[in-house]
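First up is the structure itself, then whatever we jot down about it.
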2 protein chains.
Amino acid sequence: MSDSPEEMAVWCAGEDWCPVTSTATIICRKWHPVIVHRLLHNGPTGFSELEDHVDGVSSKVLSDSLEDLQEKGLVDRTVINDQPFRVEYSLTKRGADLEPIISAMEQWGKANLHAPNESAEGRF
Amino acid sequence: MSDSPEEMAVWCAGEDWCPVTSTATIICRKWHPVIVHRLLHNGPTGFSELEDHVDGVSSKVLSDSLEDLQEKGLVDRTVINDQPFRVEYSLTKRGADLEPIISAMEQWGKANLHAPNESAEGRF
DNA sequence: CGGCATCCACATGGATACTG
DNA sequence: CAGTATCCATGTGGATGCCG
């Protein structure tokens, strides 16, 4: 498991900052990964459209999540039109760079989880 | 952004299950990614040792997290010795397969975040 | 060492209704 | 369409102390 027991010090011993922890605090919220995933695959998306694509999310929670993602510099909000009023949410560079993480999550999910309606082992 | 606008339906339209969402509910908790990361890099680890490696976690929260990870089939707990009492936590196959996700998170963090004490742009 | 018991605070999410 | 306003329930984490 270890790369080299002696040379490579045990992780975070004496370290006060850890990239994994920090990244986790950024994207570890229930809908964040899915929202990013949808924006990655569908490109810039309006609010209600996004609400449709993210199954099960309420407008309040989606609104909260998008605000949080904007604060963290992962998502941009652009007003496209005034009459009728239109906005578009899109990924910033930072946000788009999350793609490997989201993609890895998708792969793992497909390999290790399953749809609830399929006949399977019970858990997940 | 889209792979193929016509052929590939918009994500989760009509779908009732999504691998990204499901994976997020499994590992999106504050310490889960870090715990997995430490187990990946250091191999089987005792409780207190793990507590040392995961900077900032309390024994109660670590205990809760490990229990959750066990329930989800990502971590195994093995009693190594009775006198003195020793246990070891290790990753199951499922847990070890999270490596691409954790690794991607680590890379993204290194590229997009920074240590608090470094002179930098202010945010994160 | 490897936890659990307790208590508490707050973050997060869900339901519902309403608005410009 | 694109949200906001409430209100509430629960999840989640943190602090402290104790135990076999």
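Order of the sequence lines sets the chain letters (A, B, ...), proteins ahead of strands, with each chain counted from 1.
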In whole angstroms, how far is the [atom2] atom of [N] from the [atom1] atom of [X]?
{"X": "A:Glu51", "N": "C:dA15", "atom1": "CD", "atom2": "P", "result": "12 Å"}
{"X": "B:Asp52", "N": "C:dG2", "atom1": "CG", "atom2": "P", "result": "10 Å"}
{"X": "A:Asp68", "N": "C:dC10", "atom1": "CG", "atom2": "P", "result": "19 Å"}
{"X": "A:Arg86", "N": "C:dG20", "atom1": "CZ", "atom2": "P", "result": "21 Å"}
{"X": "B:Glu67", "N": "C:dC4", "atom1": "CD", "atom2": "P", "result": "7 Å"}
{"X": "A:Gln83", "N": "D:dA2", "atom1": "CD", "atom2": "P", "result": "13 Å"}
{"X": "B:Ile35", "N": "C:dG2", "atom1": "CD1", "atom2": "P", "result": "15 Å"}
{"X": "B:Gln70", "N": "C:dG2", "atom1": "CD", "atom2": "C1'", "result": "13 Å"}

So which heavy atom on [X] is nearest to which on [Y], and how close?
{"X": "A:Ile102", "Y": "A:His37", "answer": "CG2-CB, 3.5 Å"}
{"X": "A:Arg29", "Y": "B:Cys28", "answer": "N-SG, 4.2 Å"}
{"X": "A:Ser22", "Y": "A:Trp17", "answer": "OG-NE1, 2.8 Å"}
{"X": "A:Leu113", "Y": "B:Thr23", "answer": "CD1-N, 3.8 Å"}

With nearest nucleotides of DNA chain C determined for A:His32 and B:Asp64 from heavy-atom distances, which residue corresponds to the more 5′ nucleotide?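 Nearest-nucleotide comparison on DNA chain C picks B:Asp64.
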Using heavy atoms to find the nearest nucleotide of DNA chain C for B:Lys60 and A:Gly56 separately, return the residue whose nucleotide is more 5′.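 So the residue in question is B:Lys60.
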Let me test you: for the helix from C:dC1-D:dG20 to C:dG20-D:dC1, what is the angle between the axes at its two ends (five pairs each), rounded to 10 degrees? 50°
Looking at side-chain heavy atoms only, is the closest gap between A:Ile35 and A:Leu62 below 4.5 Å?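 Yes, their side chains come closer than 4.5 Å.
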Do B:Thr45 and B:Arg38 have side chains that get closer than 4.5 Å, going by heavy atoms?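 Not touching, per the 4.5 Å side-chain cut-off.
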From [options], pick the nucleotide closest to the side chain of [X]?
{"X": "A:Arg29", "options": "C:dT12, D:dT4, C:dG3", "value": "C:dT12"}
{"X": "A:Val61", "options": "C:dG14, D:dG3, D:dC1", "value": "C:dG14"}
{"X": "A:Phe47", "options": "D:dG3, C:dG2, C:dG14", "value": "D:dG3"}
{"X": "B:Ser59", "options": "C:dA17, C:dC4, D:dG14", "value": "C:dC4"}

Looking at [X], I'd like to know whether one of its side-chain N or O atoms comes within less than 4.0 Å of OP1 or OP2 on [N].
{"X": "A:Tyr89", "N": "D:dG3", "answer": "yes"}
{"X": "A:Ser63", "N": "D:dG3", "answer": "no"}
{"X": "B:Lys30", "N": "D:dG14", "answer": "yes"}
{"X": "A:Ser48", "N": "D:dC1", "answer": "yes"}
{"X": "B:Arg77", "N": "C:dG2", "answer": "no"}

Using only heavy-atom distances, decide whether a donor-acceptor pair under 3.5 angstrom links the side-chain of A:Ser58 to the base of C:dT16. no
If each of A:Val87 and B:Val57 is mapped to the nucleotide of DNA chain D with the nearest heavy atom, which maps nearer the 5' terminus, i.e. the 5' end?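 Between the two, 5'-proximity favours A:Val87.
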Ignoring hydrogens and geometry, is there a side-chain-to-backbone donor-acceptor pair from A:Trp108 to B:Arg94 under 3.5 Å? yes
Judged by atom type as modelled, is there a donor-acceptor pair below 3.5 Å linking the side chain of A:Gln70 to the main-chain atoms of A:Leu66? yes
